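The next block holds one structure in the form of structure tokens; read it before the comments.
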2 protein chains.
Amino acid sequence: MGRATIHDVARAAGVSVSTVSKALNDNGRMAAETRARIKQVAEDIGFRPNALARGLLFNRSFTIGLLTNDTYGRFTLPVMAGVSEALVDKGVSVFLCAIEDDPALGKIHVDAMLDKQVDGIIATGKRIDRSLPVDLSGLPVPVVYAFTQGAPDSVTLTSDDAQGAGLATDWLLGIGRRRLVHVTGPQDFASVRERATAFRAHAGAGAEVLCGVWAERWGHEAVAQLWERDGEKPDGIFCGNDQIARGVIDALRERGIRVPQDVSVIGFDNWEIMADQARPPLTSVDMNLKELGKEAGRTVLALAEGKIIEPGLRKLPCRLVVRQSCGGGSA
Amino acid sequence: MGRATIHDVARAAGVSVSTVSKALNDNGRMAAETRARIKQVAEDIGFRPNALARGLLFNRSFTIGLLTNDTYGRFTLPVMAGVSEALVDKGVSVFLCAIEDDPALGKIHVDAMLDKQVDGIIATGKRIDRSLPVDLSGLPVPVVYAFTQGAPDSVTLTSDDAQGAGLATDWLLGIGRRRLVHVTGPQDFASVRERATAFRAHAGAGAEVLCGVWAERWGHEAVAQLWERDGEKPDGIFCGNDQIARGVIDALRERGIRVPQDVSVIGFDNWEIMADQARPPLTSVDMNLKELGKEAGRTVLALAEGKIIEPGLRKLPCRLVVRQSCGGGSA
DNA sequence: TCAAGATGAGAAAAGCTTTTCTCAAAGAAT
DNA sequence: ATTCTTTGAGAAAAGCTTTTCTCATCTTGA
């Protein structure tokens with residue numbers, strides 16, 4: 001019972017364990033024929049080295065911890081998938097630690113990870129301007145922050161909100177829209193402020209920004225505000241997330257305004273389930289969260305291997321996913 | 001550098017490592033005063049035993065693997081959180097393995113988990129009538145399936161679709177609705193069939209079931225079908241998910257039909273972000289996925305400890321979350 | 001006072017893998 | 001034929017913790 005050990009292979013091949021080890025790791029000197037035979041026996045027997053024993057020996061567990069306080073959101077899941085994907089072919093597995101917003105739970109999880117000798121920790125959350133309720137400074141392993149507020153002098157990865165906003169704004173300008181408005185979320189989000197600044201920089205200082213909440217009804221309401229006052233109406237609306245965009249599109253339709261013929265709308269997040277189901281489907285800025293997760297994985301691994309990575313905030317570019325709500329597609 | 005080992009504690013306390021071990025684990029015979037002193041030293045020094053070494057010794061890694069092919073969906077995240085929560089205070093950590101729908105990737109992850117000597121594996125997915133693209137039978141560790149199709153003779157946990165549908169139907173009947181309709185997703189989903197059967201059993205064999213797709217526009221369309229034909233109109237609509245319910249509510253509003261005064265609507269999934277933002281907020285059936293995850297965690301741990309759990313399909317009850325789309329709330 | 005029992009603490013082995021040393025045998029060169 | 005070199009393979013230690021023995025010392029009873 002149990003899994004085959006290197007001793008089983010040695011016995012089956014009629015050699016010593018050290019010879020088996022050397023054969024399998026292409027180490028040491030030995031007859032090529034012996035090496036091949038041992039490899040064959042190991043394969044036949046289904047031997048795979050015990051990672052616990054290797055970890056003990058190398059002081060390296062080939063394991064990292066992923067800490068998140070977001071158990072429902074749509075942001076962390078792609079990040080996690082990216083981390084997992086980046087590390088799996090390096091033989092590194094990922095501990096998932098859901099800590100809610102509970103500092104005590106956070107500490108328990110961090111201690112458990114350290115006990116298990118993780119090679120590093122990635123912290124991720126639901127908002128890039130809030131930090132996790134747990135102190136990760138002074139740990140004996142490297143820490144990388146992804147899509148959450150990092151400690152000073154740490155390596156922190158986020159999406160580039162300004163660049164994403166610029167992408168959307170330029171696209172609207174590129175297809176000939178001139179009267180642009182940005183309808184977005186609450187101003188206390190750093191993302192909101194950064195996107196708004198970039199929007200104004202690209203669209204012109206006079207371009208209007210309406211802050212509200214992250215909800216469809218705010219999209220409705222913003223359209224009402226914009227259309228029920230005097231003056232020129234916008235012909236391009238860049239929204240702070242896909243839900244707001246969804247509300248905007250619905251409100252425009254209810255007013256008989258055609259999207260994209262009369263007004264172009266762009267969302268943010270590229271939340272497929274929302275963007276695809278909007279009528280018309282929503283052009284949206286994608287934050288490349290999976291890519292961000294991959295990068296976080298690669299980075300923490302590099303740090304674990306002793307490579308020097310300059311600390312600081314690194315912003316990864318967004319991309320624009322073109323659907324029909326905007327016009328100007330290549331089709 | 002590195003973490004303190006039991007040898008460091010022994011040296012600091014002026015005793016042997018075996019004495020330290022016995023002191024900390026409340027094992028063996030020794031002077032109470034010695035024991036207390038050693039414990040104090042260990043605490044001061046910040047000693048925590050190396051889980052790799054313990055794992056090697058006990059043939060137990062205090063680790064389980066969580067396999068999922070759902071990297072974007074909203075079903076697995078609460079399941080994962082539940083698993084993590086159930087196991088953290090047993091000292092068990094969870095490996096997250098995102099395998100997409102790739103059998104090769106699945107095998108790699110399973111092998112990696114076995115290498116790391118996981119005590120068990122939980123498989124979870126995005127659909128309870130599809131199985132993961134990887135064979136988990138004949139593994140040397142116990143496997144529990146949660147919210148995905150399990151192998152024959154395995155322990156499989158899902159939500160009780162029939163009971164959930166019954167809950168919703170009875171609620172509608174209980175508040176006096178008599179002309180009920182069930183608007184749901186594609187019939188090739190087992191969940192759809194099961195809920196429909198339960199709906200008919202509770203609402204009467206003649207009660208109508210409309211199958212379509214899992215999308216808002218289908219909710220719209222179903223309302224159009226129902227209202228644009230002759231005969232009595234429904235006064236209670238039970239929807240197969242919250243997106244459909246959302247479409248139904250919007251379509252009713254557009255027709256001037258009041259929810260909940262004229263028609264009661266109930267959704268399924270209790271997807272907060274959708275249910276809360278509907279106008280009015282949606283009463284919905286919650287599958288208790290976090291609870292399901294917890295149960296899966298407890299079960300796999302029990303199996304890992306050698307307890308006998310009868311194999312088979314276990315269905316965990318749903319609950320109804322009452323908001324305003326239905327009337328009949330206690331308020 | 002001597003033997004027997006109780007008590008406290010250390011030595012060693014096990015769990016699995018890898019690496020460094022060591023050693024023996026075979027082949028080559030003188 | 002003898003010595004040196006090369007080659008092939010095994011022994012042992014390290015990495016950390018726990019448990020089972022074993023041993024020495026102290027106490028107690030006869």
Side-chain angles (χ1 to χ4, degrees), chain A residues 1-39 41-42 45-63 91 111-112 114-119 140, chain B residues 1-39 41-42 45-63 91 111-112 114-119 140:
Chain A
M1 270 306 293
R3 302 206 340 163
T5 75
I6 199 171
H7 288 92
D8 300 323
V9 181
R11 203 172 315 119
V15 296
S16 73
V17 290
S18 25
T19 305
V20 175
S21 177
K22 283 185 296 187
L24 297 181
N25 296 305
D26 287 327
N27 253 352
R29 284 183 316 207
M30 71 199 309
E33 177 241 7
T34 310
R35 198 183 290 277
R37 184 171 55 89
I38 293 178
K39 281 187 176 175
V41 170
I45 234 175
F47 168 74
R48 308 203 82 212
N50 182 324
L52 262 38
R54 306 187 79 177
L56 197 53
L57 191 59
F58 293 142
N59 219 1
R60 211 33 236 288
S61 65
F62 290 89
T63 278
D111 283 345
L114 294 176
D115 289 352
K116 276 153 189 147
Q117 312 292 116
V118 289
D119 299 330
Chain B
M1 270 309 292
R3 301 203 345 161
T5 75
I6 199 170
H7 288 92
D8 300 323
V9 180
R11 203 171 316 120
V15 295
S16 72
V17 291
S18 26
T19 306
V20 175
S21 178
K22 284 186 294 187
L24 298 181
N25 295 306
D26 287 327
N27 254 352
R29 284 183 316 207
M30 71 199 310
E33 177 241 7
T34 310
R35 198 182 290 276
R37 183 171 55 89
I38 293 177
K39 281 186 176 176
V41 171
I45 234 175
F47 167 74
R48 309 203 81 213
N50 182 324
L52 263 38
R54 306 185 79 176
L56 198 53
L57 192 60
F58 293 143
N59 219 1
R60 204 45 229 287
S61 65
F62 289 89
T63 277
D111 283 344
L114 293 177
D115 289 351
K116 275 152 190 148
Q117 313 292 117
V118 290
D119 299 330

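No hydrogens, no waters, no symmetry mates; every other heavy atom, side chains included, goes into these values. All values derive from a computational prediction rather than experimental measurement.
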For Ser18(A) and for Arg29(A), find the nucleotide of DNA chain D with the closest heavy atom, then tell me which residue's nucleotide is more 5'.
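Nearer the 5' end of the strand: Arg29(A).
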Result for 5'-nearest mapping on DNA chain D, choosing between Ala51(B) and Leu57(A), is Leu57(A)
CZ/Arg11(B) to OG/Ser16(B) distance, rounded to the nearest 0.5 angstrom?
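Spacing of CZ (Arg11(B)) from OG (Ser16(B)) equals 13.0 Å.
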Return the CD to CG distance between Gln117(B) and Asn50(A), rounded to the nearest 0.5 Å.
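Going from CD on Gln117(B) over to CG on Asn50(A), the span is 3.5 Å.
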For chain A and DNA chain C, what are the first and last nucleotides along the strand, 5' to 3', with at least one atom under 4.0 angstrom from a heavy atom of the protein chain?
dC16(C) to dT19(C)
Is there a side-chain contact between Arg48(A) and Asp111(B) (heavy atoms, below 4.5 Å)?
yes
Given side chains that start at C-beta, do those of Phe47(B) and Val20(B) come closer than 4.5 Å, heavy atoms only?
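No; the side chains remain at least 4.5 Å from each other.
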Map Val17(B) and Leu52(B) onto DNA chain C by nearest heavy atom, then report which one ends up closer to the 5' terminus.
Val17(B)
Are any side-chain N or O atoms of Lys116(A) and backbone N or O atoms of Phe62(B), one a donor and one an acceptor, separated by less than 3.5 Å?
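Such a contact is found between Lys116(A) side chain and Phe62(B) backbone.
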CZ of Arg35(A) versus C1' of dA9(D): gap in Å, rounded?
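Distance, rounded to whole Å: 12 Å.
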What integer distance in Å separates Lys22(A):NZ from dT7(D):C1'?
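In whole Å, dT7(D) C1' lies 11 Å from Lys22(A) NZ.
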Closest non-hydrogen atom pair between Val41(A) and Ala12(A), with its separation:
CG1-CB, 3.7 Å
For residues Val17(B) and Ile6(B), report the shortest heavy-atom separation together with the two atoms involved.
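The pair with the smallest heavy-atom distance is O-CD1, 3.8 Å.
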Remember a base hit wins even if backbone is also touched, and classify Thr5(B) as base, sugar-phosphate or nothing at under 4.0 Å, heavy atoms.
sugar-phosphate
Just checking Arg54(A): base, sugar-phosphate only, or nothing, at a heavy-atom cut-off of under 4.0 Å?
sugar-phosphate
Is it true that Asp8(B) and Arg3(B) have a side-chain N and a carboxylate O under 4.0 angstrom from each other?
no
Axis-to-axis angle across the helix from dT1(C)-dA30(D) to dT30(C)-dA1(D), five pairs an end, to 10 degrees?
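The helix from dT1(C)-dA30(D) to dT30(C)-dA1(D) shows an end-to-end axis angle of 70°.
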